Amino acid sequence: MDSRRPHEWNVTPQEAIRLQQELRARLMARDEGPTSFRTVAAMDVSYDKRSPWLFAAIVVVRLPGFQPVETATVQARARFPYVPGLLSFREAPAGLEAWGRLRTRPDCLICDGHGYAHPRRFGLASHFGVWVDLPTIGFAKTVLVGRFEPPGMRQGSMTDLVDAGEVIGAAVRTRGGAGPVFVSVGHRISLPTAVATILACAAGYRIPEPVRQAHALVNRLRKAGAEPASTGTQIG
DNA sequence: GCGACAG
DNA sequence: ATCTTGTCGC
């Protein structure tokens, strides 16, 4: 259980796949504590195709109400290309740097990317969760693998996301009339709790509030561009 | 060989 | 991910 630094990030795509197959053994797809969280964080990464820079942000909010608790951001060089199925090797390093700047320890973290709903059942949310040993939730706007029947049009409706005969996540209607989002287990959480948390964060928009805030913050940072390598903010 | 393919 | 005007609907 060398939870300190499980592996290097400077790897080839082949090695990355190998690491996912190896690390997925550490994934805990069940609740190990409270199933209702007081503070929920969201992590998001933004970048420009033409630039070598990645911008990552983590926003921590308190439930209910989504009052901001703390934010952390970083600007880091991209060291890995975007390869479907290997997203964590591109975005997690920057996210972990932001994580390191956070003083707060949120009860749970929503990642902008799938967790268990992944070809090897070890997407970004699972990888990040295993690395920082925190309950994490996989959240995505589109499917990577799996099939689903459209959930009912009302908010809160959901259907199974299935792959190879296994339920790997859920298609959830976070906003009536809007397209569904896809929720999966990241780490140390059950699918029902992951879905309930996402719905608890649905504030009238398709995108959960913490994710919206992280997205807005990281885009704000990227548009401001420039070289201020990193920033952090404690609120309260 | 032909699509599909988180962000 | 990001580039973007208009446009349909509540």
Side-chain angles (χ1 to χ4, degrees), chain A residues 9 13 16-17 19-20 23-24 27 42-59 73-98 109-131 136-148 153-155 161-164 168-187 191 194-195 198 204-208 210-212 214-225:
Chain A
W9 289 103
I17 290 175
L19 282 170
Q20 291 179 327
L23 292 169
R24 65 182 172 187
L27 197 167
M43 191 272 283
D44 190 30
V45 173
S46 168
Y47 59 88
D48 183 324
K49 251 313 202 161
R50 311 160 301 181
S51 164
W53 298 104
L54 289 186
F55 298 84
I58 294 179
V59 171
T73 63
V74 318
Q75 176 174 351
R77 276 189 178 285
R79 315 174 207 173
F80 199 91
Y82 168 67
V83 179
L86 300 180
L87 180 64
S88 62
F89 289 87
R90 176 175 178 75
E91 300 194 349
L96 288 169
E97 265 191 63
L109 173 72
I110 300 171
C111 294
D112 202 328
H114 295 288
Y116 193 77
H118 176 277
R120 288 169 291 282
R121 308 294 185 256
F122 201 73
L124 170 65
S126 297
H127 202 159
F128 204 93
V130 165
W131 194 282
T136 55
I137 297 170
F139 167 83
K141 295 172 289 301
T142 62
V143 165
L144 175 58
V145 288
R147 297 178 53 75
F148 69 98
M153 287 307 250
R154 302 189 338 174
Q155 150 152 195
L161 177 60
V162 181
D163 182 52
I168 60 175
V172 182
R173 196 77 70 181
T174 45
R175 172 181 180 163
V181 296
F182 305 90
V183 181
S184 62
V185 165
H187 181 52
L191 183 56
V195 170
I198 289 298
Y205 296 93
R206 180 164 90 119
I207 307 302
V211 180
R212 293 187 72 225
H215 196 269
L217 175 57
V218 82
N219 280 321
R220 196 180 311 153
L221 177 66
R222 181 176 60 78
K223 288 190 298 181

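Each chain gets a letter, A, B and so on, in the order the sequences are listed, and its residues count up from 1. Since we're looking at a predicted model, the values are computed, not measured.
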Just the rounded figure in Å: distance from [atom2] of [N] to [atom1] of [X].
X      : N     : atom1 : atom2 : value
A/K141 : B/dA6 : NZ    : P     : 10 Å
A/I168 : B/dA6 : CD1   : P     : 13 Å
A/D44  : C/dA1 : CG    : P     : 7 Å
A/F89  : B/dG7 : CZ    : P     : 18 Å
A/L54  : B/dA6 : CG    : P     : 17 Å
A/H114 : B/dA4 : NE2   : P     : 16 Å
A/R147 : B/dC5 : CZ    : P     : 11 Å
A/K223 : C/dC3 : NZ    : C1'   : 13 Å

Practice task
Taking A/R77 for its side chain and A/L54 for its backbone only, find out whether a donor-acceptor pair lies under 3.5 Å.
Solution key: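 Answer holds: no.
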Handout entry: Whether A/H127 and A/F89 hold their rings parallel, tilted or perpendicular, with breakpoints at 30° and 60°
Key =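 Correct class here is perpendicular.
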Handout entry: Aromatic ring pairing A/F182/A/F148, orientation class (parallel under 30°, perpendicular over 60°, tilted between)
Key =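 Geometry flag for A/F148 against A/F182: perpendicular rings.
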Please state whether the phosphate of [N], meaning OP1 or OP2, lies under 4.0 angstrom from any side-chain nitrogen or oxygen of [X].
X      : N     : answer
A/H118 : B/dC5 : no
A/R90  : B/dA6 : no
A/T142 : B/dG7 : yes
A/N219 : C/dA1 : no

Exercise for the section: Check every strand shown and say whether A/G85 touches a base, only sugar-phosphate, or nothing at a heavy-atom separation below 4.0 Å. Expected result: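 Answer is base: heavy atoms of A/G85 come under 4.0 Å of a base.
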Problem - Sugar-phosphate only, base, or nothing, as touched by A/V145 at under 4.0 Å among non-hydrogen atoms - result: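 If one applies the 4.0 Å heavy-atom cut-off, A/V145 turns out to touch nothing in the nucleic acid.
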Problem - A/L144 side chain, from C-beta outward: closest of B/dG7, B/dC5, C/dT2 - result: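 Nearest nucleotide to the side chain: B/dC5.
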Exercise for the section: When you get a sec, tell me which of C/dT2, B/dG7, B/dA6 is the closest nucleotide to the side chain of A/Y47? Expected result: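 That would be B/dG7.
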Problem - Criterion salt bridge (charged side-chain N to carboxylate O under 4.0 Å, His left out) against A/D163, the qualifying member of A/R120, A/R147, A/R121 - result: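 Option passing the salt bridge (charged side-chain N to carboxylate O under 4.0 Å, His left out) with A/D163: A/R121.
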Practice task
Compare every heavy atom of A/A125 with every heavy atom of A/G115, then report the nearest pair and how far apart it is.
Solution key: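 So the two residues come closest at CA-CB, 3.7 Å.
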